[in-house]
Structures are given as structure tokens and as C-alpha cells.
Amino acid sequence: MDARALAALAANPGCRRRALLDGAGVDKGALASALRAPANFGQSQFAHQRGNSFEARVKADGGADLVRLLHERLRDGSEPPGPGAVATPDLTAPGPQGRTARTALALREATEAGRWALLDHPMVSLDVAGSPAFLEPDAVVVHPDGSWTVVEIKSFPMVDGSADPAKVGAAARQSAVYTLALERVASMIRRPPEDGGDTADAADAVDAVAVETASAAKTAEAAGGAETAGPVAPAEAAASADPAGTAARERPVPPAEAALRARVRHHVLLVCPKDFSNLPTAEMVDVRKQLAVTRRQLDRLTRIEEIAAALPEGTTFDLRLTDDGRTPTRPVEELTAAVEAVDAAYAPECLSTCELAAHCRTRSRAAGRVEALGRGVRGELGGLTTMDAVLTAAMERPADDAPTGDPTVDALRRAAALRAEALASHPEAVACR
């Protein structure tokens with residue numbers, strides 16, 4: 001899962017189908033194509049290239065311009081960062097677990113250093129329905145006061161200081177996922193010493209992540225399957241050689257206040273092209289509302305193990321690809337049965353966030369479910385869950401035309417009467433169905 005998928009999942013927590021498929025790492029795009037209902041959304045290759053080019057420009061010169069842009073938007077009266085004042089720690093490590101541990105260590109070190117630092121594409125983890133998700137923000141800036149700011153870089157324009165509200169909202173929800181994951185790291189760094197211990201004890205929680213990561217990396221290397229994303233930095237090599245962090249605790253440690261001041265700011269920096277140029281501009285976006293919603297929705301998600309346990313024996317989403325890895329050979333009927341074995345919560349909003357939305361829309365329309373008309377309509381109709389039930393309630397009028405006591409049914413019957421009256425006043429009109 002990535003932050004975009006988690007934001008979409010949090011926006012629709014009742015969809016057990018998406019929770020299971022995302023948690024199991026199923027390629028929903030390939031599955032939708034095999035079901036003959038391919039997804040029709042996503043960025044073009046040109047848009048990806050433009051976005052990557054813009055992000056590289058924003059982060060040029062070691063991120064100094066980006067940090068200066070953040071400082072300008074803060075307007076807190078503090079001194080701007082000078083030349084060479086921004087640290088850029090190396091986050092290279094083997095595998096997602098290694099990068100997550102290296103990010104946690106870098107955040108702790110930057111917080112204790114009390115200076116500006118830019119973490120380029122750090123990696124953090126978040127537990128989602130019992131399954132770990134590794135997330136990669138565009139950047140995280142550590143302030144001299146120990147606070148952290150999430151930076152979200154988008155390629156859509158910001159014209160006259162404002163951007164498309166829908167796109168800004170999607171960026172805010174995505175940033176809220178990053179903020180939620182970073183809050184976990186900050187809470188580990190802020191953990192107070194117990195029984196009068198020194199500041200090094202407060203760092204043990206972060207070092208524990210490195211212990212687990214180093215053990216996993218050593219196991220993979222012993223099996224001959226370890227893969228690295230590039231040369232391992234000296235700091236990472238030291239962490240692997242000393243996974244318990246003994247050497248780190250033996251060196252002089254800053255005062256306890258330095259380790260306890262780590263916190264994640266609830267205003268993220270949204271960076272976009274200014275007007276229609278390639279020059280960056282930015283605004284601070286408050287994500288407290290999105291953060292609260294995301295936290296509540298993720299907590300409500302059913303654990304993936306419980307969803308899987310309810311499936312019929314032998315259910316599989318394996319496409320059984322040919323040797324070239326492109327052509328699925330599993331019959332469409334079997335894949336359809338497997339997908340339908342997991343409940344979905346379709347809404348028209350899914351069309352812009354889920355690869356399986358076209359399939360779910362077809363099935364929802366075929367079954368006559370009112371969800372196909374939108375969540376708002378579904379909420380207004382109450383216990384009427386199918387189109388047939390809605391039409392029956394609207395058209396069956398008693399002889400005395402007395403109220404039924406059900407406000408939904410009464411409103412439907414009143415709407416049907418007004419429609420019939422309008423059609424009667426215009427005989428040439430063609431009645432719709």
C-alpha cells in the first residue's frame with residue numbers, strides 16, 4: 001500500500017474487498033483487466049515525467065530553496081536558514097524495513113542536532129488492518145526546534161495563490177497518512193526515560209526498530225536473497241554491525257529536552273508550479289481534519305486475517321499468467337467468483353481511486369443497488385437498498401393517499417405525484433424510465 005491507496009481506503013472503510021486485495025498485494029489493475037473491466041484513470045507518462053522534473057527542481061541545491069520556501073510560509077519571525085545550514089542525511093538502506101529504520105534514526109539525530117534538515121524520500125511504516133504498509137513522503141523537513149513538517153510536491157498549478165480544491169483535498173488526505181505514520185516515530189523518540197534512566201533510554205524504542213531490521217537483513221543475506229537499493233552508507237553499515245545501538249548510546253547524548261521535543265506539525269507544505277510555469281510556489285495546508293478522519297477510519301478497518309478467514313476454501317486471486325508474465329489463463333468465471341466472495345462498498349467516487357471500480361459499478365448496476373447513485377442518495381433512501389424497492393415505494397399509492405409514517409416513502413410518493421402532474425401538463429413530453 002502507498003499513501004494514495006491508504007487515503008482512498010480510509011475514505012471508504014466499509015470496502016472489505018479493497019482492504020483484502022491491497023493487504024495481500026494483489027495487482028488490482030491486472031485483475032480488473034482480466035475481469036474485462038479495465039481501469040480508465042491514472043497519470044500519463046508525460047505527466048509522470050513532468051512531475052519528476054518539477055520535484056527535482058524543487059529539491060535542487062540540497063533542498064536549500066525548499067527549506068527557504070517553507071521558512072517564508074511559516075512567518076514565525078525566526079532566522080532564515082543560511083548557506084550550508086540544511087543537512088541532508090543519507091537514507092540508503094537495504095529493503096523497506098531497512099529504510100524505515102534508517103529514517104527513524106535520521107529523524108532522531110536531526111532532532112537532537114537542533115538544525116534544519118531535509119529528508120528526501122524517507123520511508124515510514126503504518127499498521128493497516130494488521131498488515132504493515134511502507135510509505136514514502138516526498139520530503140520531511142526537521143526544524144531547529146525539533147518539529148517536523150511533511151512536504152507534498154504536486155505538478156498541478158497554483159494559480160493566483162489557489163489550486164483545484166479537489167486536488168488540494170486529495171493531497172491533504174495523502175499528507176495526513178504520512179503525518180499519522182510520522183507521529184508514531186515521534187512518539188517513540190519522545191518516550192520519557194523510565195526509573196530515572198538517562199536520555200539514551202528514550203532512544204531505545206527507535207533502536208529497537210533497527211534491531212529488527214538488521215536481523216531481517218542478515219537473514220536475507222544469509223539466504224542469498226538480500227537486495228540493496230544502492231551502496232550502503234557508513235551510518236547504515238554501523239547500524240548493521242551494532243544493531244542494538246550500543247555505540248550510539250555510549251557517545252555523548254544531548255540533554256533530555258532534545259530527545260523529547262520531537263513532534264509532527266499539522267500543517268503540511270504543499271508545493272506546486274506557480275501559475276503555468278515551472279517555478280515552485282507553496283502554501284501551508286492544515287490537515288488536522290483529514291488526520292482525525294484518517295485515524296478514525298483506519299481504526300475501524302476489519303483486520304485482514306478476519307476477512308480472509310471468511311472466504312471459501314481455495315479462493316485465489318492468482319491470474320495464473322503465462323510464461324511471458326502478461327497473459328492471464330485463469331477463467332474469468334473463477335476470478336469473478338473470487339472477487340464476489342468479498343463484500344464491496346461501491347460508490348461513484350471509487351472511479352477515481354480504485355482500479356476495480358468499473359467492475360464493481362457494473363455489478364452494482366446489475367443488482368439494482370442504490371449505492372450506484374452515490375453515498376448521498378444512499379443515505380437519503382434509508383432502508384430502501386434497491387432500485388426496485390425505491391420504484392415500488394414511489395408508485396404504489398393507497399386509495400386514500402394517507403401518509404405512511406415513513407418520511408422516505410412519503411417523500412418518494414410526493415415526488416412521483418409531482419412528476420406525473422408535470423408530464424400530464426405537457427402531453428407531447430416523452431415519459432422517461
Side-chain angles (χ1 to χ4, degrees), residues 54-91 102-122 124 137-154 158 160-163 171-172 175-176 178-179 182-183 185-190 199 202-203 206 235 248 251-274 277-288 291:
F54 177 70
E55 181 175 340
R57 175 164 187 157
V58 171
K59 296 179 180 177
D61 299 327
D65 292 338
L66 176 58
V67 174
R68 279 196 294 269
L69 194 61
L70 170 60
H71 180 268
E72 292 173 0
R73 295 300 182 270
L74 288 175
R75 302 181 182 92
D76 56 0
S78 60
E79 290 293 328
V86 181
T88 54
D90 186 359
L91 304 180
R102 185 68 189 93
T103 296
L105 293 172
L107 286 169
R108 188 189 73 189
E109 293 169 357
T111 302
E112 293 175 349
R115 59 177 296 190
W116 290 100
L118 174 68
L119 277 66
D120 186 6
H121 284 288
V124 290
D138 291 332
V140 173
V141 175
V142 179
H143 299 246
D145 64 357
S147 59
W148 309 341
T149 294
V150 174
V151 179
E152 187 68 15
I153 303 174
K154 295 297 185 182
M158 192 176 291
D160 293 334
S162 62
S175 300
Y178 297 137
T179 303
L182 282 167
E183 284 185 346
V185 181
S187 66
M188 295 164 65
I189 294 177
R190 292 196 308 265
T199 311
V206 176
R251 65 176 180 263
V253 179
E257 291 79 4
L260 299 179
R261 63 184 179 177
R263 64 182 177 87
V264 187
R265 292 176 178 243
H266 294 156
H267 285 76
V268 304
L269 183 70
L270 176 62
V271 183
C272 300
K274 184 177 181 180
S277 68
N278 203 34
L279 298 175
T281 185
E283 289 295 337
M284 303 300 295
V285 179
D286 189 345
V287 298
R288 283 177 292 183
L291 184 63

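Hydrogens, waters and symmetry mates are skipped; everything else that's a heavy atom, side chains included, is used.
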**Student:** For salt bridge (charged side-chain N to carboxylate O under 4.0 Å, His left out), just list the numbers for R57 and E55, CA-CA rounded to whole Å, side-chain angles, deciding distance to a tenth of an Å, and then say yes or no.
**Tutor:** CA-CA 5 Å; R57 175 164 187 157; E55 181 175 340; over 6 Å; no
**Student:** When rounded to the nearest 0.5 angstrom, what is the spacing between OG in S277 and CE in M158?
**Tutor:** 11.5 Å
**Student:** Tell me, do D76 and H71 make a side-chain contact under 4.5 Å, heavy atoms counted?
**Tutor:** yes
**Student:** Any chance you could lay out the side-chain contact (heavy atoms from CB on, under 4.5 Å) test for V140 and V151, step after step, and finish with the verdict?
**Tutor:** CA-CA 6 Å; V140 173; V151 179; over 6 Å; no
**Student:** Could you grab the distance from atom CG of D90 to atom CZ of R102, nearest 0.5 Å is fine?
**Tutor:** 7.0 Å
**Student:** Please identify which of these residues, D120, D138, D65, meets the salt bridge (charged side-chain N to carboxylate O under 4.0 Å, His left out) condition with K59.
**Tutor:** D120
**Student:** Please report the interatomic distance OG1(T281) to CG(L69), rounded to the nearest 0.5 Å.
**Tutor:** 6.5 Å
**Student:** Above 12 or not: heavy atoms from other molecules or residues under 6.0 Å from CZ of R115?
**Tutor:** yes
**Student:** Can you list the steps and then say if H143 with T149 is a side-chain hydrogen bond (donor to acceptor under 3.5 Å, both in side chains)?
**Tutor:** CA-CA 8 Å; H143 299 246; T149 294; 2.7 Å; yes
**Student:** Step by step, would you call T111 with V142 a side-chain contact (heavy atoms from CB on, under 4.5 Å)?
**Tutor:** CA-CA 7 Å; T111 302; V142 179; 4.2 Å; yes
**Student:** I'd like to check R73 versus E283 (side-chain heavy atoms, cut-off strictly below 4.5 Å). Are they in contact?
**Tutor:** yes
**Student:** Take a 6.0 Å sphere around CG of D160 and say whether it holds more than 12 heavy atoms from other residues, nucleotides or ligands.
**Tutor:** no
**Student:** Just verifying a value: how many Å separate M284 CE and R265 CZ, rounded to the nearest 0.5 Å?
**Tutor:** 7.0 Å
**Student:** Can you tell me how far the SG atom of C272 sits from the NZ atom of K154, to the nearest 0.5 Å?
**Tutor:** 9.0 Å
**Student:** State, yes or no, whether a side-chain contact exists between L269 and V141 at a heavy-atom distance under 4.5 Å.
**Tutor:** no
**Student:** What is the distance from atom CG of L118 to atom OG1 of T88, rounded to the nearest 0.5 Å?
**Tutor:** 7.0 Å
**Student:** Should P81 and R68 count as side-chain neighbours, where that means a heavy-atom distance under 4.5 Å?
**Tutor:** yes
